[in-house]
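The first residue of the sequence shown is numbered 1, and numbering continues consecutively from there. Side chains included, hydrogens not; waters and symmetry mates left out as well; all remaining heavy atoms used.
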Amino acid sequence: MPPLATGECQVWWADAGVSGVGATGANGPAVELLDARERARWQRLRTPASRALYLTAHALARLVLGAQLRLSPAELAFRTDCARCGDPRHGKPRLAGAAEPAEPAGAEEPAGAEEPERPERALDWEFSLSHTPHRVAVAVARRSPLGVDVERVRERAPATVARTLTPAEHAALTARPAHLRAGDFTRYWARKEAVLKATGDGLAVSPDRLAVSAPDAPAALLHWSGPRSPRRAVRLVDLAPGTGYRACLGVLGPLGGEPVAPPRVTEHDAEALLRSGLPA
C-alpha cells in the first residue's frame, strides 16, 4: 500500500466480477469486514450483481482506509449524517473515528526511547466510493472533502438527459456526432455527480443546476445556480476507469471559496489488495 503523500488523492479501482470478492456467501471473508448496518443493507439488495458491487466497494474502502490508518479494517466506524437534514441513514459516508490500539498492560518505555509512531487521526481522512456494473472506485485523501463517480457508458432516456443537463449543455450534446453522445452524456453525468458527492448534497440538488465543461474539454465546474451554492471552490479531474466507462473526481478547497490547487491524483489497481487483505 503506497502511503498517501501530502496533497495527494488516491483512487483505487476494482472489478467485482474478476476479484470474486462480491461473490462470497454470507459468512465469507469480505462480509466479515462490514459492520451490522452495512451487512443489513447488503442483505437487502435483490440481485447477486448488486450485492457483489456493494460488498466489493465497502470491503475495498475498509481495506484502503485501514492500511493508511494502520488500523484493522473491521474496526473502522462510519457515519452517514445527511448534510441537509442530519438524518444518519442517507448522508455522505465519513469516518466516525477509531480508538488507538491499546498498549500492553504494564508496558514501559525504555529511557531515551523515541515517541512511538501513532496511527493517523481518522477524522483527518476523507473518502468516497462509487460503483456501476462491474466497476468499483474508492477515493481517499487527507483534509480535502472529495467525491468520486464512475458510470458505465450506455444510452439514456431523453427525459433523463433533459433533467440532467442545462439548456446549453443539451444543445452542445445534440450537436455532437451521434456515436459520441452516449459517452459524452456519461461524462457530463460523472462530473456533476462528483461535485454533488464532494459537497455532500447528492441528488438532493438537481444536476441541471450545475454547469460543467464540455466533455472534450478539461473537467471544470462552471456554474451552480440556485440555493446551496458551495462555499468552497471545486476542482474536477477526469479519471481513467477503463473502456466503456467514464469517471470523475471532485475535490473541495478551503472554506470561503479560496482557489484550490489542482489535486495530485494517483490511480491504483486494487486487485492485489482485495486478494491479500481479506481475513483468512
What about [X] and [Y], same hydrophobic cluster or not, with Ile/Leu/Val/Met/Phe/Trp/Tyr joined at side-chain heavy-atom distances under 4.5 Å?
X      : Y      : result
Phe78  : Leu53  : yes
Val153 : Val212 : no
Leu45  : Leu55  : yes

Please tell me if the side chains of [X] and [Y] come closer than 4.5 Å, counting only heavy atoms from C-beta onward.
X      : Y      : result
Val234 : Trp224 : no
Gln10  : His268 : yes
Val136 : Leu129 : no
Leu65  : Leu71  : no
Leu69  : Leu76  : yes

Test your reading of the model: is there a side-chain donor-acceptor pair from [X] to the backbone of [Y], 3.5 Å cut-off?
X      : Y      : result
Arg39  : Val31  : yes
Arg181 : Thr174 : yes
Gln68  : Val140 : no
Ser144 : Val251 : no
Arg232 : Gly253 : yes
Glu267 : Ala240 : yes
Ser130 : Val150 : yes

Heavy-atom closest contact ([X] atom, [Y] atom, distance):
X      : Y      : result
Ala59  : Ala30  : CB-CB, 4.4 Å
Pro145 : Arg143 : CD-O, 3.9 Å
Ala198 : Leu252 : O-CD1, 3.5 Å
Thr80  : Pro93  : CG2-CA, 3.8 Å
Arg79  : Leu95  : NE-O, 4.1 Å
Tyr188 : Ala172 : OH-CB, 3.9 Å

(message) Using a strict threshold of under 4.0 Å (side-chain N to carboxylate O), is an ion pair present between Arg275 and Glu271?
(response) yes
Atom pair [atom1]/[atom2] of [X] and [Y] - distance to nearest 0.5 Å:
X      : Y      : atom1 : atom2 : result
Lys192 : Ser206 : NZ    : OG    : 8.0 Å
Arg191 : Leu221 : CZ    : CG    : 11.0 Å
Thr164 : Asp208 : OG1   : CG    : 7.5 Å
Arg51  : Arg44  : CZ    : CZ    : 13.0 Å
Cys9   : Arg142 : SG    : CZ    : 11.0 Å
Glu151 : His131 : CD    : NE2   : 10.5 Å

(request) Just say parallel, tilted or perpendicular for the rings of Tyr54 and His58, cut-offs at 30° and 60°. (result) parallel
(request) Answer yes if the side chains of Ser225 and His223 hold a donor-acceptor pair under 3.5 Å, and no otherwise. (result) no
(message) Testing Leu173, Asp238, Asp184, Leu180 one by one against Pro215 for a side chain to side chain contact (heavy atoms under 4.5 Å, CB included), which residue passes?
(response) Asp184
(message) Could you go through Asp149 and Leu196, starting from their C-alpha distance and side-chain angles, then the distance that decides it, and tell me whether this counts as side chain to side chain contact (heavy atoms under 4.5 Å, CB included)?
(response) CA-CA 10 Å; Asp149 190 60; Leu196 294 173; over 6 Å; no
(request) Assess whether side chain to side chain contact (heavy atoms under 4.5 Å, CB included) is satisfied between Lys92 and Asp201, documenting all intermediate values. (result) CA-CA 8 Å; Lys92 179 181 179 181; Asp201 289 292; over 6 Å; no
(request) Let me see the working for Arg176 and Asp216 under side chain to side chain contact (heavy atoms under 4.5 Å, CB included), right down to the final yes or no. (result) CA-CA 10 Å; Arg176 296 282 285 169; Asp216 57 350; 3.6 Å; yes
(request) Begin with the C-alpha distance, continue with both residues' side-chain angles, and end with the deciding distance and a verdict on side chain to side chain contact (heavy atoms under 4.5 Å, CB included) for Arg246 and Thr132. (result) CA-CA 10 Å; Arg246 301 290 185 271; Thr132 195; over 6 Å; no
